[in-house]
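Each remark here refers to the structure printed beneath this line.
Fair warning: this is a prediction, and the values are worked out from it, not measured in the lab. The figures that follow rest on heavy atoms only: side chains count, while hydrogens, waters and symmetry mates do not.
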Amino acid sequence: MRTKIFAAFLLCVACSCAAYAEDYAEGEALAVFRPSEGIRASVEVIGASVSDTYEALSQAGGNVFMRVKSSTKTTEELIAELKQMPGVIAASPNRIHRMPFTAGKVTPNDKYYGNLWGMKRIKAPEAWTESTGSDSVYVAVIDSGVYPHPDLRANIAEDLGMFAWSQDTVGHGTHVAGTIGAIGNNGEGIAGINWKVKIIPINVADTQGDVDDNRVVSALNYIVQLIQNGTNIAAVNMSFGGYHSTTPEQEKDDPYYMAYKVFDDLNKALLVVAAGNEGLEVGVPAPFTYPERLMRLQGMSEPMFSRGDYYYPASFTGINNMIVVGATDSDNDAPGFTSWGSSVDIAAPGAGILSTYTPLAEDYEGDMYTALDGTSMAAPHVTGAVALLKAKFPQVSVSDIRNAIISGADKKINPTVYPYSNQTSGLDEDDEFDAMLIEALEPYQALNGKGKVSSSGLLNIKEAMDILTLQTGQTGTGNRDDVGNSSSGGCSLSLCGMALAAVFALMSCRKGG
């Protein structure tokens with residue numbers, strides 16, 4: 001499965017229309033075997049080889065997780081033969097996921113706390129009176145890597161991480177990490193939700209923001225190993241997702257899902273995942289195929305999703321320690337891009353989110369901070385909240401933290417979703433371009449007003465903290481620091497919506513901004 005990390009960076013990776021409706025690495029498969037001797041030899045008999053074995057997942061789950069490759073067989077042929085082998089429990093393509101986000105630049109001055117509207121909306125300043133985090137709590141960021149930004153570096157677990165994590169050439173992972181744990185009250189840039197925390201950077205993306213199943217499984221395998229070795233990991237941020245045609249129930253027979261389930265069964269950390277940026281309902285099949293006119297406007301050769309597809313990992317069921325996050329904007333509305341529905345557990349700020357950035361990104365213009373849109377920007381607010389709660393309440397269980405976050409959500413801020421409808425208001429039907437855009441977005445109109453962003457409301461860290469205080473009987477103010485709240489400005493130029501943002505950017509340019 002090809003997944004994209006991020007929120008809306010205009011990285012349009014199309015889905016294949018072959019036997020599997022999504023992109024995948026040709027000639028590769030993920031497979032789960034029953035433990036036995038001679039697995040490698042059996043694989044070689046069908047003209048393939050084992051390229052990776054995931055020892056931690058295998059040990060924790062009781063079966064053998066592997067990646068299998070063949071230079072002579074198609075993916076479809078390889079999987080068909082694997083499923084005929086004795087001892088094979090499951091086999092699936094090595095799919096590719098997406099990490100899209102919309103990049104907009106700001107010009108940093110001294111302090112940008114005043115620009116962090118989301119922190120105030122989720123009551124982080126109130127929570128900071130009791131705790132600003134702990135460097136004994138770890139968070140894994142499965143993303144595009146994390147650049148050792150000066151506002152982040154002291155909070156990066158530099159002795160840990162995978163896949164050349166510091167080479168973040170996309171920018172998304174560094175941005176996500178800043179929301180979770182940029183150093184607070186240091187006179188520089190921004191403050192993360194945790195002023196102290198240890199971020200484990202795991203780079204699963206290529207230079208285009210593409211992520212395949214194998215790298216995600218490798219990352220989960222690595223994190224399981226760290227947990228088994230005693231690393232205090234509170235949460236794993238996974239701001240990516242991809243569409244494919246199998247139902248959530250069918251997914252349970254997929255090696256990719258099984259890796260998540262093994263991690264979940266450890267009951268040691270929360271998985272925080274983005275709901276997606278296509279304006280669709282999570283957990284139900286897409287009601288239409290990505291509009292052909294939008295494909296043409298964006299230069300895409302394949303649709304981003306097809307009718308009947310589901311968005312994963314957000315649509316997974318049976319993963320108890322997972323939180324799916326949708327987005328709100330500074331007006332407490334639902335931005336046009338956010339996916340939504342009862343399968344989305346909570347909402348968090350996800351539009352115009354200022355955070356740290358990498359100088360290695362292609363669009364870097366000298367700014368170490370930038371504002372981005374997307375549910376990828378919403379998810380790290382929740383991940384940061386999990387780590388902050390773990391710092392104050394180190395003995396509480398994973399489920400207690402999850403329940404406190406969901407129960408403590410602000411139910412008054414849970415807007416109805418109108419996917420992309422605001423983008424067509426004021427357009428001229430007699431104008432050729434406007435008419436084409438109106439037609440392209442027409443399928444979305446049937447979705448407008450049909451549901452709320454999430455099942456609970458907007459993240460409220462202080463309320464979650466109060467719930468756990470009552471539950472544990474714990475009192476005290478923790479490690480309180482003063483919060484600077486001055487700002488010399490800084491402007492966000494970010495647009496909203498994953499690949500659709502490209503269309504609206506074109507429209508804005510055409511209309512003079």
So Phe305 and Tyr290, would you call those rings parallel, tilted or perpendicular, with 30° and 60° as cut-offs? perpendicular
Indicate yes or no for a side-chain donor-acceptor contact from Ser355 to the backbone of Thr179 under 3.5 Å, with no hydrogens or angles considered. yes
Spell out, as yes or no, whether a donor-acceptor pair under 3.5 Å connects the side chain of Thr247 to the backbone of Gln250. yes
Checking the side chain of Thr289 only, and the main-chain atoms of Arg307 only, is there a donor and an acceptor separated by less than 3.5 Å? yes
Side-chain contact test, heavy atoms from C-beta onward, threshold under 4.5 Å: evaluate it for Ile353 versus His381 and give yes or no. yes
Using only heavy-atom distances, determine whether the side chains of Thr356 and Asp151 contain a donor-acceptor pair under 3.5 Å. no
Just so I know, are the side chains of Thr53 and Glu55 near enough to count as touching, which here means a heavy-atom distance under 4.5 Å? yes
Inter- and intrachain pairs under salt bridge (Lys or Arg N to Asp or Glu O under 4.0 Å), touching residues 282-295, at least two apart: Glu292-Arg296, Arg293-Glu439
I need the minimum non-hydrogen distance between Met368 and Pro359, along with the two atoms involved. SD-CD, 4.0 Å
Gap between atom OG of Ser92 and atom CG of Leu30 - 0.5 Å precision: 5.0 Å
What are the two closest non-hydrogen atoms of Pro201 and Ile156, and how far apart are they? CG-CG2, 3.8 Å
Does the plane of the ring in Tyr444 sit parallel, tilted or perpendicular to the ring in Phe288? Use 30° and 60° as the thresholds. perpendicular
Just by distance, with hydrogens left out, do Glu251 and Tyr310 show a side-chain donor and acceptor under 3.5 Å apart? no
Polar side-chain atom of Arg40 near backbone of Ser49 as donor-acceptor pair, under 3.5 Å: no
Apply side-chain contact (heavy atoms from CB on, under 4.5 Å) to Met238 and Leu271, showing your working. CA-CA 7 Å; Met238 307 178 79; Leu271 293 167; 3.6 Å; yes
Can you confirm whether Glu281 sits close enough to Val417 that some side-chain heavy atom of one is under 4.5 Å from a side-chain heavy atom of the other? no
Just how far is it from atom CG of Leu78 to atom CD1 of Ile46, taken to the nearest 0.5 Å? 5.5 Å
Are Pro419 and Asn448 packed together at the side-chain level, in the sense that at least one heavy-atom pair is separated by less than 4.5 angstrom? yes
Taking Gly318's backbone N and O only, do any of them form a donor-acceptor pair with Lys261's side chain (distance below 3.5 Å, no angle check)? yes
I would like to know whether Thr317 and Lys252 meet side-chain contact (heavy atoms from CB on, under 4.5 Å); could you show each step before the answer? CA-CA 8 Å; Thr317 59; Lys252 293 180 179 179; 3.3 Å; yes
So does Glu26 have more than 12 non-hydrogen atoms from other groups sitting under 6.0 Å from CD? yes
For Thr375 and Phe337, work out which heavy atoms get closest and say how close. N-CE1, 3.7 Å
Please determine whether side-chain contact (heavy atoms from CB on, under 4.5 Å) holds for the pair Ile227 and Phe263, giving the CA-CA distance in whole Å, both sets of side-chain angles, and the decisive distance to 0.1 Å. CA-CA 10 Å; Ile227 290 173; Phe263 178 91; 3.9 Å; yes
Taking the side chain from Ser166 and the backbone from Pro148, do they hold a donor-acceptor pair closer than 3.5 Å? no
To check you understand the geometry: which heavy-atom pair defines the closest contact between Ala327 and Gly350, and what is its length? CB-CA, 3.9 Å
Using every non-hydrogen atom in the two residues, find where Val262 and Ala60 come nearest and quote the distance to one decimal. CG1-CB, 3.6 Å
Any side-chain heavy atom of Tyr138 sitting closer than 4.5 Å to one from Leu226? no
Distance, nearest 0.5 Å, that separates CG of Leu389 from CG of Asn194: 9.0 Å
Spatial distance of atom CD1 (Ile405) from atom CG (Asp400) [nearest 0.5 Å]: 11.5 Å
Measure from the side-chain N and O atoms of Asp135 to the backbone N and O of Lys196, and report whether any donor-acceptor pair falls under 3.5 Å. no
Is the side chain of His172 donor-acceptor paired with the backbone N or O of Asp143 at a distance under 3.5 Å, no angle test? no
Is the side chain of Ser51 donor-acceptor paired with the backbone N or O of Arg67 at a distance under 3.5 Å, no angle test? yes
Under 3.5 Å, side chain of Tyr357 to main-chain N/O of His175, donor-acceptor pair present? no
Less than 4.0 Å between a side-chain N and a carboxylate O, is that true for Asp212 and Arg215? no
Quiz question: by atom type and distance under 3.5 Å, do the side chains of Asn237 and Ser239 form a donor-acceptor pair? yes
Validation row: Met304, Leu294 side chains within 4.5 angstrom (heavy atoms): no
Would Asn203 and Asp168 satisfy side-chain hydrogen bond (donor to acceptor under 3.5 Å, both in side chains), going step by step from the backbone distance to the final call? CA-CA 8 Å; Asn203 184 356; Asp168 181 9; over 6 Å; no
Taking the side chain as everything from C-beta on, heavy atoms only, tell me whether Lys198 gets closer than 4.5 Å to Glu158. no
Working note: Tyr312 + Asp213, criterion side-chain hydrogen bond (donor to acceptor under 3.5 Å, both in side chains); need CA distance, chi angles, decisive distance, verdict. CA-CA 11 Å; Tyr312 294 103; Asp213 281 5; over 6 Å; no
For Lys268, which residues count as a side chain to side chain donor-acceptor pair (under 3.5 Å) partner, sequence neighbours excluded? none
Distance alone, cut at 3.5 Å: any donor-acceptor contact between the side chains of Asp254 and Tyr260? no
Is the Phe316-Tyr257 ring centre distance short of 6.0 angstrom? yes
What distance separates Ile202 CD1 from Ile142 CD1, expressed to the nearest 0.5 Å? 5.0 Å
Heavy-atom closest pair (Glu302 atom, Met295 atom, distance to 0.1 Å) is C-CE, 3.5 Å
Test log, rule side-chain contact (heavy atoms from CB on, under 4.5 Å), inputs Phe33 and Ser42: CA-CA 11 Å; Phe33 297 81; Ser42 298; over 6 Å; no
pair Val176-Met377: side-chain heavy atoms closer than 4.5 Å: yes
Distance from Ile89 atom CD1 to Asp253 atom CG, nearest 0.5 Å? 10.5 Å
